[in-house]
Amino acid sequence: MSSDKPGTAEKPVSGRIINCVPQLPYKVSRNDLYTPGENQDPGDEWKLTPISGNSALYSSLYLLRDSPDWEEHVVGWTGEIDPGNKFAYVAPPNQRGTQAANDNARYNSQESNEDPLYLSQEQKRVIAEKLQDKEDSNNKMTVHPVWLLRRDQLRWREYSDKIVWPALHYILNPPSDGQKENTWWYDYVKFNEAYALKVAQIYQPGDIIWVHDYYLMLLPQLLRMRFGDAIIAYFHHTPWPSSEYFRCLSKRKQLLDGILGSNRVCFQNDGFSRHFVSACKRLLDSTSTKKKSKGKGRDEWVISVYGGDVVVDSLPIGVNTEEILRKAFTEDIDEKVKVIKEAYANKKIIFGRDRLDTVRGVVQKLQAFEAFLAMYPEYRDKVVLIQVSRPTATDQGLKLEQQVNDLVNSINAQYGTLNSSPVHHYHVRIPEDAYHSLLRAADLCLITSARDGMNTTALEYVTVKSRSSIDGCYANPLVLSEFSGTSTVLKDALIVNPWDAVAVARTIKKALCLTAQERVSLEMKLWSKVPTIQDWNNSFLQRMVEIAKHESQDNKITPALNRPLLLQAYRAAKRRLFLFDYDGTLTPIVQDPAAAIPSARLFRILSKLAADPHNLIWIISGRDQQFLSKWLGSRMPQLGLSAEHGCFMKDVSSEEWVNLTTKYDMTWQEKVNEAMEQITVQTPGSFIEKKKVAVTWHYRRADPEQGEFLAGKLKASLEKFSKDLGLEVMEGKANLEVRPKFVNKGEIVKRLVWHPYGEKQLNEDEFKQDDTVPKSQLPDFVLCLGDDFTDEDMFNQLNDIESVWDKKFPDDKNEAGHYGIYPVTVGSASKKTVAKAHLTDPQQVLDTLGLLVGDVSLFQSPGTVELDDRGHVKDSESSVKSEQAGAAYNMKRSASLKDNA
Ligand SMILES: O=P(O)(O)OC[C@H]1O[C@H](O[C@H]2O[C@H](CO)[C@@H](O)[C@H](O)[C@H]2O)[C@H](O)[C@@H](O)[C@@H]1O
Ligand SMILES: [Mg+2]
């Protein structure tokens, strides 16, 4: 698509889509029959087989490939590569029986069981070439494989499958010490980082980046860190649970924050979007507005996050109806349908196909069918349930399989005869032609999922039933669980609660008794609602183009702090200055101000930071001197302190506090106190915190609505005289603070940064900026963290300093091309900020500082990390070792294969 395509002129999109899918559509396996040799095609070493599942998503990829409007790039993990069995070492004939041969055989048989997947560059090139879609003669779809070649390939799935997936499907994991989960989390972070790296290699401005599903929740934010202007969409294919479930995840904030790097987050239906919006509100304190989307009547929200807008909406995925009809109506399938019908002559066929996991409701289905046979004995030899259950490799798989088998056996034992069984259960993956034949032959399709995003079997069934061919195989009814995402699309299906077996049984009876006219009328309604994948692609992308057009420069999301890059800059710097706010930044906000004391972890990390002679640390807080001295200064005299929003300061390793407000008349305090006391009387639970200069009115413990309302009233009354008295009234966290206007945290920052690094601060009220200090004496790394409105003064000051330095010291930038200045806001997503990056909460603050002092893993939070093809940090010790081992392994292996050829 060209940028001058109608409607795209205002904000051109490049016409390229980068589709990020959790896995490429093919399974890669090594061909055991392959032996390298001169006449061998290296491509023969590998075979590809299409993987099952995610059919709608893959169908969307192929349709985009064929669209004249878009150039498509697909980024996806290769999935687990099957290394084949050809590793057992066979000694060359002249060595057979020798000790060396036996040792080698032992070595190689271990290798064959646990192939470390050391693929050479050439092998990767060959596989990548094969993965490039064969049907794509015009090369319109370029496949970019994400390699994560490790011995234990399942590791890349653990966090998604064992932690995220259950929570998304309302399953709570049993409590654990969290150790395994942590390791899985690091792999999940790496998995997402590997994608970000791959996308960064191909990204061009104007590309639409389309991220799919819960394996890749961190990817949008990772991309936002790299490309502030990128157009990013996240589509969530599975259900999104109530925030009550989602908040059980220990990494809940990081996951939400990861998704919110997108411009648009889209779900299968409004209910899922609503849950997501509420999770963002509760966990990240974001705000949102809601409206109806144009034309479709669906809900659309705009969430405000860190200064930017994220559209949240829904668009149910569809199926490729044309292709289904083409494939399901062939002479071959006609024959197969006839055979099925003859095999079950005089019986109504009830059909179901589900993955055998706990949420697909196979157990509920069998229980309902059992109830049906019990309640309606006249149907016992007149129906058959053909249930195809696709095996899954889950932890509960075996138990579930056993439960299903027991139920099938018990139903067949009770209601079967010598000649027939009411349930035919196939625990296999059936081929596509068999599936289409069964869809066509069915008199009823029964879907009883306890949770799913979009059940494509239901859509495919309705599609097939829209065409008449053989008598009795047209317009057959669908019984559909209300817990399936599909029920919001196919509202006219016979909707059931799968937990109510009796009600489902009654609905089966009702469905089997529908007249032909009723069935046709139902089918017509359903068929008109089946979304096609073509429409889904078009609508999705059309909306993305609109969003791209309306993106404004002053509405950009402040991205998450890129901690690995921070670490790099930290390591390279020698004159580091840390400027930390206290409440809400180094400690979480609590009800009682006196209870917000530093944690042992905070002390440990601050002590480690302070122990480095290249670090200077200042705490710049609204707290008074007494609090700061008691809890911080007395324990760590090496900290610089500033109290009451810049009114006082105490230099590093000094005990003397300097009052920066001595020249100021303090009679205003009386007037402010008076106003605050009046409001305190009216507001039970509120109180005044009197400091030396500043005065704070707290209402955290008051009724929230009353507190907010009266804070507004108090602010208005204070503002009547504050200007004349040179005061500033500041809205804090459930408080209102007043202090002289000419002091603020930004002024302290100015003093600290514009000062020869490491020299004592001057004890003067008035600060005179010394412009003669050379850059080599100014800090080369400034990390400033704050959560509040008052901290914006610090960020503003740093931004100004950066602009001045840009002009004054254009040649003194660091290796990364900047001055190492990091203004970072902490907490609530709803606030507008001038900071350059954000962290979600004080815990992430400690994780970040912990990373700098070596206490925390690089993969605790996602960021820009260069990984090699095995998921090691590039050029790290493990990466180099792994590369050497790989080279040795490949030499040995090819020698062994040649010898045995
Ligand atoms: O600049 P800071 O270090 O962030 O201090 C700002 C104010 O923090 C304190 O109040 C806030 O934190 C309390 C403890 O979590 C909480 O209970 C209260 O609702 C918050 O407003 C402190 O009491 C004030 O003096 C500081 O100015
Ligand atoms: Mg604060």
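The shown structure was predicted, so the numbers you read here are calculated from the model rather than taken from an experiment.
Heavy atoms from other residues, nucleotides or ligands lying under 6.0 Å from CD of Gln201 number more than 12. Taking a 6.0 Å sphere around NZ of Lys832, one finds it holds more than 12 heavy atoms contributed by other residues, nucleotides or ligands.
Taking the six-membered ring where the residue is Trp, the centroids of Tyr188 and Tyr159 are separated by under 6.0 Å.
Annotation: cation-pi geometry not satisfied between Arg252 and Phe246 (NZ/CZ under 6.0 angstrom from ring centroid, within 45° of ring axis). Under the 6.0 Å distance and 45° angle rule, Arg157 does not count as a cation-pi partner of Tyr215. The cationic group of Lys291 does not satisfy the cation-pi geometry with Trp301, failing either the under 6.0 Å distance to the six-membered ring centre or the 45° limit from the ring axis.
Put simply, OG1 on Thr486 and NZ on Lys529 are 14.5 Å apart, with the number rounded to the nearest 0.5 Å. The OG1 atom of Thr457 lies 10.0 Å from the CG atom of Leu478; values are rounded to the nearest 0.5 Å. The OG atom of Ser487 sits 5.5 Å away from the CG atom of Leu480 when rounded to the nearest 0.5 Å. In this structure, the separation between CG on Asp207 and CZ on Arg16 is 4.0 Å, given to the nearest 0.5 Å. Between atom CD of residue Gln534 and atom CG of residue Asn320 there is a gap of 4.5 Å, rounded to the nearest 0.5 Å. From Ser437, atom OG reaches atom CD1 of Ile430 across 8.5 Å, with rounding to the nearest 0.5 Å.
Salt bridge status for Glu122 with Arg125: present, with a side-chain N to carboxylate O gap under 4.0 Å.
Contact record, Asn537 with Ser60: OD1-OG, 2.9 Å, taken as the closest heavy-atom pair. Across all non-hydrogen atoms, the minimal contact from Asp257 to Leu284 is N-CD1, 4.1 Å. Residues Arg563 and Leu858 share a closest heavy-atom pair of NH2-O, 3.8 Å.
Residues Ile547 and Gln542 form no side-chain contact, since every pair of their non-hydrogen atoms from C-beta on lies 4.5 Å or further apart. Using a 4.5 Å heavy-atom threshold, the side chains of Arg440 and His436 count as separate. When side chains are defined from C-beta on, Leu57 counts as touching His237, because their heavy atoms get closer than 4.5 Å. Between Pro50 and Pro25 there is no side-chain heavy-atom pair separated by less than 4.5 Å. Using a 4.5 Å heavy-atom threshold, the side chains of Lys874 and Leu867 count as separate. Side-chain contact between Arg298 and Pro316 is present, with heavy atoms from C-beta onward closer than 4.5 Å. Two residues are said to be in side-chain contact when any heavy atoms from C-beta on lie closer than 4.5 Å; Val164 and Met217 meet this criterion. Put simply, the side chain of His838 reaches to within 4.5 Å of the side chain of Gln221, judged on heavy atoms.
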**Asked** Step by step, would you call Ile81 with Ser29 a side chain to side chain contact (heavy atoms under 4.5 Å, CB included)?
**Response** CA-CA 6 Å; Ile81 294 180; Ser29 323; over 6 Å; no

**Prompt:** Between Asn269 and Arg274, is a side chain to side chain donor-acceptor pair (under 3.5 Å) present by the stated rule, with each step listed?
**Reply:** CA-CA 9 Å; Asn269 62 46; Arg274 199 178 57 244; over 6 Å; no

**Request:** Mind running salt bridge (Lys or Arg N to Asp or Glu O under 4.0 Å) on Asp868 and Arg870 for me, showing each step along the way?
**Result:** CA-CA 5 Å; Asp868 68 13; Arg870 297 178 67 76; over 6 Å; no

**Stepwise salt bridge (Lys or Arg N to Asp or Glu O under 4.0 Å) test for Glu45 and Arg30** = CA-CA 6 Å; Glu45 184 177 3; Arg30 196 180 245 131; 3.0 Å; yes

**Message:** Using salt bridge (Lys or Arg N to Asp or Glu O under 4.0 Å), reason through Glu322 and Lys327 one step at a time and then give a plain yes or no.
**Reply:** CA-CA 9 Å; Glu322 278 172 29; Lys327 287 185 173 172; over 6 Å; no

**Request:** Check step by step if side chain to side chain contact (heavy atoms under 4.5 Å, CB included) holds for Lys124 and Asp869.
**Result:** CA-CA 10 Å; Lys124 278 182 267 180; Asp869 283 350; 2.8 Å; yes

**Asked** Given His73 and Ile17, is the side chain to side chain contact (heavy atoms under 4.5 Å, CB included) satisfied, shown in steps?
**Response** CA-CA 6 Å; His73 292 260; Ile17 295 169; over 6 Å; no

**Request:** Evaluate the criterion side chain to side chain contact (heavy atoms under 4.5 Å, CB included) for residue pair Val302 and Val310; output intermediate values, then yes/no.
**Result:** CA-CA 5 Å; Val302 176; Val310 179; over 6 Å; no

**Prompt:** For Arg543 and Glu546, what are the C-alpha separation, side-chain angles and deciding distance, and is it a salt bridge (Lys or Arg N to Asp or Glu O under 4.0 Å)?
**Reply:** CA-CA 5 Å; Arg543 186 75 184 97; Glu546 276 167 30; 3.0 Å; yes

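The backbone N or O of Gly261 lies less than 3.5 Å from a partner atom in the side chain of Arg224, making a donor-acceptor pair. Between the side chain of Thr463 and the backbone N or O of Leu459, at least one donor-acceptor pair lies under 3.5 Å. A distance-only check finds no donor-acceptor pair linking the side chain of Thr558 to the backbone of Ala837 [under 3.5 Å]. Counting only distance, with no hydrogens or angles, the side chain of Trp156 and the backbone of Leu148 share a donor-acceptor pair below 3.5 Å. For Ser14 (side chain) and Gly206 (main-chain N/O), a donor-acceptor pair under 3.5 Å exists by modelled atom type. Between the Ser449 side chain and the Arg451 main chain, no donor and acceptor come within less than 3.5 Å of each other. In this structure a side-chain-to-backbone donor-acceptor pair under 3.5 Å is missing from Ser484 to Ser481. For Lys198 (side chain) and Pro145 (main-chain N/O), a donor-acceptor pair under 3.5 Å exists by modelled atom type. With Lys130 contributing its side chain and Gly43 its backbone, the two residues share a donor-acceptor pair below 3.5 Å. A distance-only check finds a donor-acceptor pair linking the side chain of Gln123 to the backbone of Ser120 [under 3.5 Å].
In this structure, Phe191 and Tyr195 have tilted ring planes: the angle between them lies in the 30° to 60° band. Ring pair Trp240/Phe276 is perpendicular by interplanar angle, where above 60° counts as perpendicular and below 30° as parallel. Ring geometry for Trp536 against His212 counts as tilted: the plane angle lies between 30° and 60°, on a 0 to 90° scale. Ring geometry, Phe540 versus Trp210: the interplanar angle falls under 30°, so the pair is classed parallel (tilted spans 30 to 60°).
Using a 3.5 Å distance cut-off with no hydrogens or angles, the side chains of Thr864 and Asn562 do pair a donor with an acceptor. No side-chain donor from either of Asn19 and Arg65 sits under 3.5 Å from a side-chain acceptor of the other. Judged purely by distance below 3.5 Å, without hydrogens or angles, the side chains of Glu460 and Tyr435 pair a donor atom with an acceptor atom. A donor and an acceptor atom, one from each side chain of Asn455 and Asp452, are located under 3.5 Å apart. When only modelled atom types and interatomic distance are considered, Thr238 and His236 share a side-chain donor-acceptor pair under 3.5 Å. Between the side chains of Asp213 and Tyr234, no donor-acceptor pair is found at a separation under 3.5 Å.
Sorted by first and then second residue, the side chain to side chain donor-acceptor pair (under 3.5 Å) pairs with a member in residues 303-318 read Arg264-Asp313, Asp270-Ser314, Asp309-Asn555; sequence neighbours excluded.
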